[in-house]
Number of protein chains: 2
Amino acid sequence: MTGRTRLSWTDVRDEIRARILSRTYAPGDKLPRDEDIATELGCARTTVHRAMQDLSQIGLVERKRKGGTHVRTDPVTRATFDIPITRREVEQRGSKYDYQLISHAMEDSPMSVMTRFGIQQPAQMLHVRALHLADNRPYIFEDRWIDTRSTPGILDVDLKVESANEWLVRNKPYSRVDVRFYAMNAEGESARHLSTNVGSALLVIERTTWIGRDPITTVQAVAAPGYQLTALN
Amino acid sequence: MTGRTRLSWTDVRDEIRARILSRTYAPGDKLPRDEDIATELGCARTTVHRAMQDLSQIGLVERKRKGGTHVRTDPVTRATFDIPITRREVEQRGSKYDYQLISHAMEDSPMSVMTRFGIQQPAQMLHVRALHLADNRPYIFEDRWIDTRSTPGILDVDLKVESANEWLVRNKPYSRVDVRFYAMNAEGESARHLSTNVGSALLVIERTTWIGRDPITTVQAVAAPGYQLTALN
DNA sequence: GAGTGGTCTAGACCACCAG
DNA sequence: TGGTGGTCTAGACCACTCC
C-alpha cells in the first residue's frame, strides 16, 4: 500500500540533479548505468534516458556509449537566446513599432560580406540599410546584404513598406544560420541613425543565413545604447 | 522487396523540415497529427514525436495539445552559447593562460549587485576583481561579488592561486543562472586593465547564480576589444 | 569482444485545451 | 468533452567505444 504514483522523467531528472548538487555524485564521478538507476527508482530505463537527455543537454553530465555517464568537471554555462523579428520584439515590449528604409541598391559585395558568406568571388547583391524604431526612438539600425541569386523575389518587394527582415523570415526559410555578438563603437553613420554620440558602445548582432550552400542574407544589426540580450530562463 | 531500412527519428525530422522549407507545409499551416504522419511514413508514433520534439525546440514548429502542430509564422532564430571557464576557453584557443588577482575585500553590496540578485537589503560580500590573460595579453577583466553566507568556503581559498571562477565552478553548483550580454564603453579602470583606450566598446557578459533562493555570485566579465561570442553550430 | 547508451516499437493511459 | 500531444512501460536490437 505504498500508493506511490508513477515517476515522471522530470522527477527522475530532479532527483539526479539533486544528487549532483549535493555531491552524492561529485564532479568527474561516474553515475550508475541507466538500468540500475531505473531499478533503484522504480521506473523504466526509457524514463531515466529521457531525464539524462535533459541533463546532458543542459551540460551537467556527459554521456558516452560504453563509457557511461559522468558528471562534468567543468560545467559550462549554456545560454539560449531567442532572436525574434524586430517588430515582434518591439511590440512585445508594449512599444509602438516603426520602420524606415534608409537606402537600397545593387552593389558588389565587399570583402567583409564575402568572408561572412564564405565565398571567394564578389557578387552583385542587394544592399539594404534600415532603421527600426520603438516609440519613435531608434532601436536597431540594420545593414543587410541579400543574395538575389538565391532570393530573386526580394526585388519585387516594396522595402519602404515591408522590412527585408520580415519578408525574408516569412518567405525564405534557411537551413543554416551563423549568429555572433560583439561590441562596436558608434561611428558617424550609426551614431546619427541611432541618435547617439560617436564612440558610444553598441551591441551588434550579426546573423548570416544559407539555404543549402547558397547564401541568403547577412545582417549586421546594431542596437541602440542600453540594449541587452537576456538568456531564456 | 522495398528493402527499406527502418526510419530513424532524424530521418523523420529531416523529412518534415524539408516539407516546411519547400512550403509543402507553409508558415501557419497545421501539420497532420503525429499518428497520421507515422502511418504515412511507416514508423511508430513515438518516432514522429521525437522528431517533432526537436523541431519544436529549434523553434520551427509550435505544438499544443488538442491544438495540434503548426509551422511557426514568425520563426525566431534560436542561438545557444557555451560559456566555459575562462581558462578552458583560452587553452582551447591554443593560447597560454594566466590569471592575476587585482583585489579582494569584504564590502557591502552596492545597489547594482542587490538588483542583480533581487535582494532588498545590502549584505557583506566578498568583492573580487581579477584579470584573465591569453598569451600575456589581457583577455577578460572580471568584477565579481560572492555571497559568503551561501559560500563560506571561498574565504579559505587563496585567490592569488586559484581564480574564484574556477573554485566556484568546481565546488559550488548552482540551481539557477541568469545570463545577459551588453556593450559598455571602457572607463578608466577597465581600460587600464585591458590595455585599451578609454571609450573602447567592450562586450560584457553578466552572469548571476543562485542555489535555491540564495545568491551565490554575480560577475561582470568585460572582454578585451575584438572579443566575439559565436553560437554553437 | 562486450558493455553501455541510443533508438524503435506497440500499446496504454494521462493531461491539457480548443470547440 | 473529445481530440491531440505528452509520457510511461517492456522488450528488443543497434551502434559506438572502451578494454
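Numbered from 1 within each chain, the chains take letters A, B, ... in sequence-line order.
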Participant: Nearest whole angstrom, please: distance from the C1' of D:dG5 to the NE2 of B:H70.
Facilitator: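 Checked: the NE2 to C1' distance equals 12 Å.
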Participant: Please report the distance, rounded to the nearest Å, between CD in B:E35 and P in D:dG6.
Facilitator: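 It works out to 14 Å between those atoms.
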Participant: Measure the distance from CG on A:D34 to C1' on C:dG3 and round it to the nearest whole Å.
Facilitator: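 My rounded result for the distance is 12 Å.
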Participant: Starting from C1' on C:dG6, measure out to CD on A:Q57 and report it in whole angstrom.
Facilitator: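 Distance check: A:Q57 CD to C:dG6 C1' gives 15 Å.
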Participant: How many Å lie between CG on A:D11 and C1' on D:dG6, as a whole number?
Facilitator: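 In whole Å, D:dG6 C1' lies 14 Å from A:D11 CG.
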Participant: Give me the atom names and distance for the closest heavy-atom approach of A:I140 to A:A223.
Facilitator: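 In terms of heavy atoms, the two residues are closest at CG1-CA, 4.1 Å.
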Participant: Expressed in angstrom and rounded to an integer, what is the separation of B:K30 atom NZ from D:dT4 atom C1'?
Facilitator: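 My rounded result for the distance is 8 Å.
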Participant: Can you pull out every side-chain hydrogen bond (donor to acceptor under 3.5 Å, both in side chains) where at least one residue sits in residues 62-71 of chain B? Sequence neighbours excluded, please.
Facilitator: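 Every pair satisfying side-chain hydrogen bond (donor to acceptor under 3.5 Å, both in side chains) with a residue in residues 62-71 of chain B: B:D34-B:R63, B:H49-B:R63, B:R63-B:T69.
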Participant: Residues two or more places apart in sequence or in another chain: which of them pass side chain to side chain contact (heavy atoms under 4.5 Å, CB included) with B:D29?
Facilitator: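 B:D29: side chain to side chain contact (heavy atoms under 4.5 Å, CB included) contacts with B:A26.
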Participant: Does B:R23 CZ have over 12 foreign heavy atoms under 6.0 Å away?
Facilitator: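 Counting other residues, nucleotides and ligands, CZ of B:R23 exceeds 12 neighbours.
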Participant: Between B:H49 and D:dG6, is there a side-chain N or O to OP1/OP2 distance below 4.0 Å?
Facilitator: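 Checking D:dG6 against B:H49, a side-chain N or O does come within under 4.0 Å of OP1 or OP2.
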Participant: Is the phosphate of D:dC8 approached by A:R50 (side-chain N or O, under 4.0 Å from OP1 or OP2)?
Facilitator: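 Looking at the OP1 and OP2 atoms of D:dC8, neither is under 4.0 Å from any side-chain N or O of A:R50.
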Participant: Please check if the side chain of B:S22 supplies one atom and the backbone of B:R19 the other of a donor-acceptor pair under 3.5 Å.
Facilitator: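 Between the backbone of B:R19 and the side chain of B:S22 there is a qualifying donor-acceptor contact (under 3.5 Å).
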Participant: Can you tell whether the side chains of B:K96 and B:D135 come within less than 4.0 Å, N to carboxylate O?
Facilitator: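 The answer is no: the pair does not qualify as a salt bridge.
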Participant: Can you tell me the distance, in whole Å, between the CD1 atom of B:I37 and the C1' atom of D:dT4?
Facilitator: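 That distance rounds to 12 Å.
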Participant: How does protein reach along nucleotides 9-19 of chain D, written 5' to 3' as B (base within reach of a heavy atom under 4.0 Å), S (only sugar-phosphate), or - (no contact)?
Facilitator: BB-B--BBBB-
Participant: Can you work out whether B:W9 or A:G68 has the more 5'-proximal nearest nucleotide on DNA chain C?
Facilitator: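 In this pair, the answer is A:G68.
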Participant: Hey, is the main chain of B:T217 close enough, under 3.5 Å, to the side chain of B:R144 for a donor-acceptor pair?
Facilitator: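 Checked: no pair found.
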Participant: CG of B:D54 versus C1' of C:dG6: gap in Å, rounded?
Facilitator: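 To the nearest whole Å, that distance equals 14 Å.
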